[in-house]
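Given the structure is predicted, the values throughout are model-derived calculations rather than measurements. Residue numbers start from 1 in every chain, and the chains themselves are labelled A, B, ... in the order their sequence lines are given, proteins ahead of strands.
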Amino acid sequence: MSQKLVLIDGHSILNRAFYGVPDLSNAEGLHTNAIYGFLNIMFKILEEEKPEYLAVAFDVHAPTFRHKMYEAYKGTRKPMPEELREQVPVMKEILKAMHITIMEQAGLEADDILGTLAKKAEQAGLEVSLVSGDRDLLQIATDHIKIRIPKTKQGRTEIEDYYAADVLAAYQVTPLQFIELKALMGDTADNIPGVPKVGEKTAQALMVEYGSLDNIYAHVEEISKKSIRESLIEHKDLADLSKTLATIKTDCELQLDYEQARAEGFYTPEAYTLCKRLEFKNLLGRFEKDAAANDSKIAESFRQIEDKKEFLQYLKKAQKQKEIGLWLITEPVDATTKKEELLGVALSVSDEETVFYALTHEKEPEGQLSLFAEAVESVDDTAEITEALQELSAGTDTQIATFDVKHQYDYLDRSSTEQYFDVLIAAYLLNPLKNDYDMEAIASEHLGILIPGRAEVFGKRDFRTLLSEDAGKAMEYACYGAYVSRKGKKVLKDKLEAAGMKCLMEEMEMPLSLVLYDMQKEGVAVKREELKAYGDALVARIEELEQSIHTQAGTEFNINSPKQLGEVLFETMQIPGGKKTKTGYSTAADVLEKLSADYPIVRDILEYRGLTKLKSTYADGLAAFIEEDGRIHTNFNQTITATGRISSTEPNLQNIPMRMELGRQIRKVFIPREGYEFMDADYSQIELRVLAHMSGDEQLIDAYRQEEDIHRITASKVFHTPFEQVTDLQRRNAKAVNFGIVYGISSFGLSQDLSISKKEAAQYIEQYFATYPKVKEFIDKLVADAKEKGYTETMFGRRRPIPELSSSNFMQRSFGERVAMNAPIQGTAADIIKIAMIKVWKALKEEGLKSRLILQVHDELLVETAREEEARVREILTENMKSAADLAVTLEIDLHTGNNWYEAK
DNA sequence: TTCTTCACG
DNA sequence: ACGTACGTGAAGAAA
């Protein structure tokens, strides 16, 4: 058996894959569909052929001789879409990482490289498979050179194979004649003009009859069809040019280094890391076992300390270190609670030394006393270890790098945050668009090292199980955490500094992490019984509505199912209001509301929807989160949002009903503890004020100086109406435009919101911009700057990348533009309230007050206030919120107190 | 797991 | 011509 060479036409396959694979992108916003498709095709071919050698050819972007000839003839080539262009360098990077030979040479097209290499290999006695999406290559086919054309359809890749005989069978011409066939018929995709009026059929007939281009012209007078004959004669120059264009060179000065082109050693750690970054989860398996061998080098320096005394001494010694990495592993005590216990401590002091200690926990004796109870020296050493950790982390002599510090404050010194650096927060600031920031991702993206992933190590096990089942793995996993934290700090700190976010990190996010920790720890008291009663009260009405809806529909169905509901309303009942979504009928509230006037059943459905939402999400949902202390401890997440806001989960306490009275009643179950009251302060239109400041628009700033209803003033200015005569409608419209500006205005969006025509909406916007000209200037500049830099920035330097801005897709690009307008405004407002939170928290703490900050809802702070401290807390909130930022307009707040959250709003 | 809907700012 | 307002999280259904 002779040896085999696989040659791949890089751009052509990438192109095929780009159009054949649905749009994909990773968390960085990089499009990846073409790369994904390419790799799939390549792996498929490799598995089929098992070749000895492999090379990929690319065009160099500089125009080649053939292009120039063509461009001289007719314009330029169609540009490559940006989504594809950005994938080319990454594709090459991944091929390089896989040690696959890339052939490219200025002045040579990929076709010529492929043709030359194929012919040379054939002469050397190899079997050649040439993979391309381009039928042009068929002219190269012989008995030993197989042209393979992959077709991607419906996610499946099928490959058409052509030896010389197959070309003859398919086109009735030999591969060499195929060149002239192409020259006659042309190829728009390949920019070969061809002879006008000669298409595939005519060209084929001519070639079959005359055998060559020369022979056709020798007998051109015999051609019966007048129009074809004349076109051939008139456009002989085009035929000749086309032949030159269509001919692939096979005699270039080019050598393939067969040693380097060996088809082996693809699965390198670099390639694995890249695949991971590109989020090709199902390709990762190919790399894993080879990559695993490489992991162990770092892990060789990891060790476990078994003896508690030894570990305590180690912690003491570590206090002399200036920089350490520390990672504490905690897990909930059991599935019923959020309460966690400390399971392990990993400490990394240098590249050579990272250690791990596993804590022991005394377990309650179950059932009868064991005979061996005396023999088991199982004591809970949490207290001792915690004490040592507190000592280690107190003061600023030892800088501690860690991952997710908020989850570890239980065991650390909390008198300041200056000694901590959280690589999780740093990674978030550097790119807030990612879905998760696990240790593996940070290690690979920022340190370029490969570490075993959580899923890989744990499977479905938790850390506790892992410790008992595979202590070595558990130790290694924990140590990686400390190691990556310590190493990552240096890199991330530099990156933050370079991006101008050092201050944001050190003075805003790190202190905030402790504030959020305290808020979570504090929680908020909820009246369990009242919440239950609220839910029960809903049930009766829900059941009544369910009956009524089923009766009116004449059929029993699941009202909660949009699919069934759509079918019942728009098919069974024949209610007009047609399709909307790709999966079926839309039954969203705005659709149903338009129908509710005419159809009683629709009114019932809307009411039903509202009530079941309250029951499931709030009544039942919240009840499940009340802990033993009678309080709900939400998670405040600091590394989720794209704009810098914080988010709340398990449960979400940032979306408790407010706008509708019935829902709002739920707020009555949130109560202060005995002897306390709630004090709630929210910023008044903080985003619009931020807009006024950032744009510097004198009119808008002036409007705020008047301390009057801003929407009314806007209406007065925009509609040229005296302030007192502004109608409610005018005010509502002005308010919608104000909101629209903050969201990244579009006439369509505004028209939807106000139920007016796009044209009218556009007029409002125009008038608004005429009133506030600098606002227009400002948001235009935001978009322009973002396009140039690829990201937007808040007043405090927080960045948000906007990859969509370079999209060739209108929808995506428009989205990017709206985001560019919104993110700096929403983000700056988020920054301001974060500053306020830190200031309020500090003031309460420094003055030794009992009152506590417990909730944040984007522009609102809730303080559980000791009654005797009311006056002082009022001052603290007011002062600190107002002075959180120095803007051209004042920051105003609305502040209320009450015996529950309902009263305090 | 993904989609649809809906609660909040 | 394209088809949306910005930012979240949770529940239930469908796939």
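- Annotation: side chain of A:Thr634 is in contact with side chain of A:Phe636 (closest heavy-atom distance under 4.5 Å).
- With P as the reference atom, B:dC6 and C:dC2 are 26 Å apart, rounded to whole Å.
- Between A:Arg800 and A:Lys758, the one whose closest nucleotide on DNA chain C sits nearer the 5' end is A:Lys758.
- Across all strands shown, B:dA7 is found opposite C:dT8 as a Watson-Crick or G-U wobble partner, with both distances under 3.5 Å.
- With contacts defined as side-chain heavy-atom distances shorter than 4.5 Å, the pair A:Tyr683/A:Met881 qualifies.
- The residue A:Ala736 sits close to a base: some heavy atom pair falls under 4.0 Å.
- For the pair A:Arg799/A:Pro432, no side-chain contact is recorded, criterion being any heavy-atom separation below 4.5 Å from C-beta on.
- For A:Asn822 and A:Met811, each mapped to the nucleotide of DNA chain C holding its nearest heavy atom, the one lying further toward the 5' end belongs to A:Met811.
- Among the atoms of the strands shown, only primed sugar atoms or phosphate atoms (P, OP1, OP2) are found under 4.0 Å from some heavy atom of A:Asn558.
- B:dT4 and C:dT4: their P atoms are spaced 11 Å apart (whole Å).
- The shortest side-chain heavy-atom distance between A:Leu662 and A:Tyr534 falls under the 4.5 Å cut-off.
- For NZ of A:Lys781, the number of neighbouring non-hydrogen atoms (other residues, nucleotides, ligands) closer than 6.0 Å is 12 at most.
- Taking the 5' to 3' direction, DNA chain C first and last meets chain A under 4.0 angstrom from a heavy atom at C:dC2 to C:dA15.
- Heavy atoms of A:Ala642 sit under 4.0 angstrom from primed sugar atoms or phosphate atoms, though from no base atom.
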B/S/- along nucleotides 4-9 of chain B (protein heavy atoms under 4.0 Å) is SSBBBB
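- The same atom, C1', is picked in B:dA7 and in C:dG3; the two are 25 Å apart, to the nearest Å.
- Between A:Tyr585 and the choices A:Lys563, A:Glu571, A:Glu567, the side chain to side chain donor-acceptor pair (under 3.5 Å) rule is met once, by A:Glu571.
- For A:Glu627, the CD atom is densely surrounded, since the number of other residues' heavy atoms within 6.0 Å is greater than 12.
- Smallest separation of non-hydrogen atoms from A:Leu895 and A:Met679: CD2-CG, 3.8 Å.
- Within 4.0 Å of A:Thr641, counting heavy atoms only, lie sugar-phosphate atoms of the nucleic acid but no base atom.
- Using a 4.0 Å heavy-atom cutoff across all strands shown, A:Phe815 reaches sugar-phosphate atoms only and no base atom.
- Heavy-atom contacts from other residues, nucleotides or ligands closer than 6.0 Å to NZ of A:Lys338 number more than 12.
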